[in-house]
Amino acid sequence: MTRKSRARLDRDRRRIPRKDNIASVTVDHKNEQIIFTTNDMLVKQIHRDGPRLARSFDRLTKKQIAECSAVFGQVQGLMLRHLPRLADDGFKATSARLLASASNSLVASIEVARHGYRRQYGVLARTFIEAVATVIALATKENALQQFHAGRLDSNKCITWAKAAVPPIGPLWGMLSREFVHIGKGHSAFEPPSLYTADDEALAFIINSLRGNVLLLHVVADLIFSDETDTPRYWKRNGQVASFDPTPEVGAWMESFLEPIDTPLEDRSVS
């Protein structure tokens, strides 16, 4: 054994980092211990701890994510034809781009949750709700499209207008604002990223929220583009007027899709 390897083993035994990797040293006299922070803490969080946390998420949510993915794919199909029209400020092209942005926020919220950031998931979930509410506002309020492109469309008003058409948006946006976005007592809790377990209540909340969000995305996309298909899933059209009128089969599927997921998750989330 070389002198260098013996020194490394000695450091590991005493849990002392290499000298050139030490960022700070704190002596805790009360607990009789020395605490080190290191220069590679961020690197390890991203490249070592992050993938391990993500695997614990994936193991418990495989079935749920697959079900959400099937709905997500249908949404992308509805708006796909309008996305290449990047210079078009018309209603459908603008709505398609906003729904694409909402889709990105949805995916980003999953990635944040996968890596153990439970509270930060809620921040991106609220961003998603705001984007979807803006699309609903464009569809329901006169001159909203012109105000949007002029930079004068108030996002708070969009929530007010959207909840008149889709009532759950109001309390959902309010809850996400209070609990996750506006800094309050909950943000002062010590919440380091940690592995997910089957009885993790935060994970159950994330999955229930995600399922509701992906269904909301589908319902709104189906509204915007329902005149482009002979078989809209959720809406019945009479000329330019659309009314929410899913078939009994679709209604039953929605009820099943939105059925709350409780802990523990193993039986329902692992295939």
Side-chain angles (χ1 to χ4, degrees), residues 1-62 64-65 104-131 172-210 213 261-266 269-270:
M1 182 179 293
T2 66
R3 181 182 304 173
K4 184 175 182 180
S5 60
R6 281 197 300 268
R8 182 182 296 114
L9 285 172
D10 187 50
R11 286 197 308 270
D12 291 344
R13 192 180 302 115
R14 291 183 292 156
R15 309 184 95 176
I16 299 175
R18 296 190 326 268
K19 183 177 179 180
D20 62 352
N21 192 33
I22 295 175
S24 73
V25 181
T26 301
V27 179
D28 183 350
H29 295 285
K30 181 178 179 180
N31 295 304
E32 298 182 345
Q33 59 182 207
I34 300 175
I35 303 170
F36 296 92
T37 62
T38 61
N39 297 323
D40 62 353
M41 289 182 70
L42 179 59
V43 173
K44 286 182 177 178
Q45 183 68 48
I46 294 172
H47 296 291
R48 183 194 66 186
D49 300 337
R52 188 171 72 231
L53 295 169
R55 286 193 295 272
S56 73
F57 179 95
D58 295 342
R59 177 177 59 85
L60 292 165
T61 64
K62 181 178 180 181
Q64 308 295 339
I65 295 298
N104 289 340
S105 294
L106 184 76
V107 176
S109 73
I110 299 171
E111 288 292 355
V112 164
R114 288 181 72 236
H115 289 85
Y117 298 100
R118 293 154 172 82
R119 185 172 297 277
Q120 287 71 26
Y121 164 84
V123 177
L124 283 167
R126 181 183 182 270
T127 300
F128 164 84
I129 294 296
E130 196 162 306
L172 178 57
W173 185 81
M175 180 274 293
L176 293 171
S177 299
R178 289 190 308 273
E179 301 296 330
F180 298 98
V181 176
H182 299 156
I183 303 301
K185 183 177 180 180
H187 290 81
S188 67
F190 183 57
E191 299 174 326
S194 59
L195 293 173
Y196 288 100
T197 59
D199 59 352
D200 192 323
E201 292 183 1
L203 181 58
F205 167 81
I206 288 167
I207 292 301
N208 288 328
S209 168
L210 173 62
N213 286 350
I261 303 299
D262 298 319
T263 55
L265 292 170
E266 291 111 329
S269 298
V270 177

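This structure is a prediction, so every number in the text was calculated from the model and none was measured.
- Rounding to the nearest 0.5 Å places OG of Ser209 at 8.0 Å from CD1 of Ile206.
- The 12-atom threshold is exceeded at CD of Gln33, counting heavy atoms of other residues, nucleotides or ligands nearer than 6.0 Å.
- If you take CG on Leu203 and CG on Leu195, they are separated by 12.0 Å, rounding to the nearest 0.5 Å.
- Between atom CZ of residue Arg178 and atom CH2 of residue Trp173 there is a gap of 10.0 Å, rounded to the nearest 0.5 Å.
- Taking a cutoff of 4.0 Å between a charged side-chain nitrogen and a carboxylate oxygen, Arg114 and Asp58 qualify as a salt bridge.
- Val181 is not listed as a side-chain neighbour of Leu176, based on a closest heavy-atom distance of 4.5 Å or more.
- Looking at His187, its side chain does come within 3.5 Å of a backbone N or O of Gly184 through a donor-acceptor pair.
- The shortest heavy-atom contact between Tyr121 and Ser109 is CD1-O, 3.2 Å.
- Between Ile129 and Arg126, every side-chain heavy-atom pair lies at or beyond the 4.5 Å cut-off.
- For the atom pair CG of Asn104 and CG of Leu124, the computed distance is 11.0 Å after rounding to the nearest 0.5 Å.
- In this structure, Arg118 is positioned above the aromatic face of Tyr196, its NZ or CZ under 6.0 Å from the six-membered ring centre and within 45° of the axis.
- Between Pro193 and Leu53, the shortest heavy-atom distance links the atoms CB-CD1, 3.6 Å.
- In this structure the side chain of Asp28 never reaches within 4.5 angstrom of the side chain of Ile34, judged on heavy atoms.
- With hydrogens and angles ignored, the 3.5 Å screen pairs a side-chain donor or acceptor of Arg119 with a backbone N or O of Gly186.
- Partners of Asn213 according to the side chain to side chain donor-acceptor pair (under 3.5 Å) rule, which considers only residues two or more places apart in sequence or in another chain, do not exist here.
- Note: His115 NE2 to Arg55 CZ = 9.5 Å, rounded to the nearest 0.5 Å.
- At a threshold of 4.0 Å, the pair Arg18-Asp20 counts as salt-bridged, since one of the basic side-chain nitrogens sits closer than that to a carboxylate oxygen.
- Ring pair Phe180/Tyr117: centre-to-centre distance not below 6.0 Å.
- Taking the side chain to side chain contact (heavy atoms under 4.5 Å, CB included) definition, one finds that Ile46 meets it with Leu42, sequence neighbours left out.
- Although no hydrogens or angles enter the test, the distance criterion places no donor-acceptor pair under 3.5 Å between the side chain of Asp40 and the main chain of Val43.
- Remark: Thr37 OG1 to Asn21 CG distance equals 9.5 Å, nearest 0.5 Å.
- Within the 4.5 Å cutoff, no side-chain heavy atoms of Glu130 are placed close to those of Ser105.
- Contact check for Thr61 versus Ile207: side-chain heavy atoms found under the 4.5 Å cut-off.
- Using a distance-only test at 3.5 Å, with no hydrogens or angles considered, a donor-acceptor pair links the side chain of Thr127 to the main chain of Val123.
- Looking at heavy atoms from C-beta onward, Leu210 lies in side-chain contact with Ile65 at the 4.5 angstrom threshold.
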